**Student:** 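Next up is a structure, given as structure tokens.
One-based numbering, in listed order, for ligands and for the atoms of each. What you see is a predicted model, and the numbers here were worked out from it, not measured in a lab.
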Amino acid sequence: MAYETGMRLSKCIKRRALVLLVSCSVCGAQSLRQAADHAGVLIGTAVRPSQLSEANYASTVAREYNMIEAEDVMKWWVLRPDEASFDFRQGDELVRFAQSHGMKVRGHCLVWGRYNPDWLTQGHFTTEQLSRLLHEHITNVMKHYSGQVFAWDVVNEALDENGNVRDSIWYNQPGIGMSSKETAYIEQVFRWAHEADAHALLFYNEAEGEGMNRKSDAVYAMVKDFRQRHVPIDGVGLQMHVPVEMDIERMAAQLQANLTRLASLGIQVHITELDVSAPLNAKGNSRSEDLMRQAEVYRSVVRACLDSLGCTAIQTWGFTDKYSWIGSHSHGARGNALPFDRAYMPKASYRAILQELSADRPSRQLHASP
Ligand code: XIL
């Protein structure tokens with residue numbers, strides 16, 4: 001009896017395996033890029049052009065990703081060494097690399113209260129001067145990269161954790177002339193961006209608004225209002241800098257809910273800066289259980305994105321633990337947040353992402369065109 005049941009079970013497993021083999025045409029995908037191309041989603045990483053001269057760095061980016069974004073080199077402090085000039089050299093290098101490897105480029109970012117050059121923040125400009133400077137910046141940068149950058153983070157992190165518009169040089173310190181008018185300055189810069197490049201997709205990018213909270217409620221309300229009034233906005237970027245310690249089930253359910261409501265506005269969502277930081281010991285290593293947990297966080301985020309047709313790109317903030325902002329940001333307490341280790345070897349997190357990208361999702365393959 002037990003033998004017979006065992007035989008039946010084993011036949012059943014073999015049959016299942018065969019069905020799986022036949023239906024899963026990219027189970028053998030050799031890279032995230034191959035699997036993502038098949039799944040109809042963009043898979044990206046933030047890139048530092050100064051590292052592209054390192055053979056392992058460049059070959060891993062080229063092999064694994066179909067999209068890249070400038071980690072820093074399209075920010076004001078790099079592009080605008082002084083008021084009179086633009087320095088596009090590093091941004092151009094990144095774009096050339098992407099073009100020679102058939103990748104898309106995301107631009108980051110045109111308007112942010114942080115990482116601005118001193119000449120700007122300490123220049124005591126009037127609102128009229130700031131308005132002119134910002135308009136000129138958006139116009140010149142977007143025209144320079146027109147046809148090369150397919151999507152821009154037009155505005156980054158403009159809201160606080162309560163969903164209020166943050167104080168910033170562009171809003172009210174002294175601002176571009178719309179202080180205390182809430183999201184009016186954001187609306188204005190989206191309109192300027194659309195005038196500069198009508199073909200680029202225009203995104204609002206935000207941190208810590210991935211799940212359901214006051215900040216993500218405010219993002220949703222703002223985008224809904226913009227869409228109703230035909231303010232040109234095409235998408236929302238969810239940064240997703242998260243710790244391994246998070247409640248994975250809760251995070252996945254909340255992310256799913258947020259993706260669903262954002263998609264209902266007829267916009268795209270990109271996961272833009274995903275990394276999953278782990279605590280480090282004195283030698284800079286993490287516990288193996290934390291790295292296994294990290295893989296499950298990555299798996300859940302990729303799954304939530306792929307299960308929502310509106311979610312069209314998944315990007316990590318760097319790809320190798322050799323180069324990540326988490327170390328300096330956490331004063332060395334945390335790190336190892338990315339899918340490749342410091343020697344460019346794939347981690348459990350890499351395998352989890354690859355598995356999720358490779359899982360069969362026929363509805364997505366029919367509908368999604370990244
Ligand atoms: C970070 C970069 O990774 C660092 O190299 C830089 O020193 C500071 O900025 N949210 C964002 C990114 O939108 O631009 C930030 O990038 C990380 C947080």
**Student:** Do ligand 1 and W325 have nitrogen or oxygen atoms that lie under 3.5 Å from each other?
**Tutor:** no
**Student:** Only heavy atoms count here, so choose which of R48, E71, E273, E206 is nearest to atom 3 (O) of ligand 1.
**Tutor:** E71
**Student:** Take every heavy atom of H329, measure it against each atom of ligand 1, and state whether any distance is under 4.0 Å.
**Tutor:** no
**Student:** Walk me through whether S349 and Q294 qualify under side-chain hydrogen bond (donor to acceptor under 3.5 Å, both in side chains).
**Tutor:** CA-CA 6 Å; S349 292; Q294 177 181 73; 3.1 Å; yes
**Student:** What are the atoms of ligand 1, with element, lying closer than 4.0 Å to any heavy atom of K75?
**Tutor:** 1 (C), 2 (C), 9 (O), 12 (C), 14 (O), 15 (C), 16 (O)
**Student:** Of the choices Y323, Y115, W317, which has the non-hydrogen atom that lies closest to atom 7 (O) of ligand 1?
**Tutor:** Y115
**Student:** Please identify which atoms of ligand 1 are closer than 4.0 Å to at least one heavy atom of N156.
**Tutor:** 11 (C), 13 (O)
**Student:** Strictly distance-based, threshold 3.5 Å: is any side-chain N or O of R80 a donor or acceptor partner for the main-chain N or O of F86?
**Tutor:** no
**Student:** Just checking Q256: does its CD atom have more than 12 heavy atoms from other residues, nucleotides or ligands closer to it than 6.0 angstrom?
**Tutor:** yes
**Student:** Stepwise, does the side chain to side chain contact (heavy atoms under 4.5 Å, CB included) test hold for E187 with R229?
**Tutor:** CA-CA 10 Å; E187 173 176 344; R229 293 187 300 107; 2.8 Å; yes
**Student:** Ring centroids only, cut at 6.0 angstrom: are Y145 and F88 within range, meaning strictly under it?
**Tutor:** yes
**Student:** Just to confirm my output: which protein heavy-atom neighbour is closest to atom 4 (C) of ligand 1, and how far is it?
**Tutor:** D72 OD2, 3.5 Å
**Student:** Looking at H108, which atoms of ligand 1 are within less than 4.0 Å of one of its heavy atoms?
**Tutor:** 11 (C), 12 (C), 13 (O), 14 (O)
**Student:** Under the 6.0 Å and 45° cation-pi test, does R33 pair with Y65?
**Tutor:** no
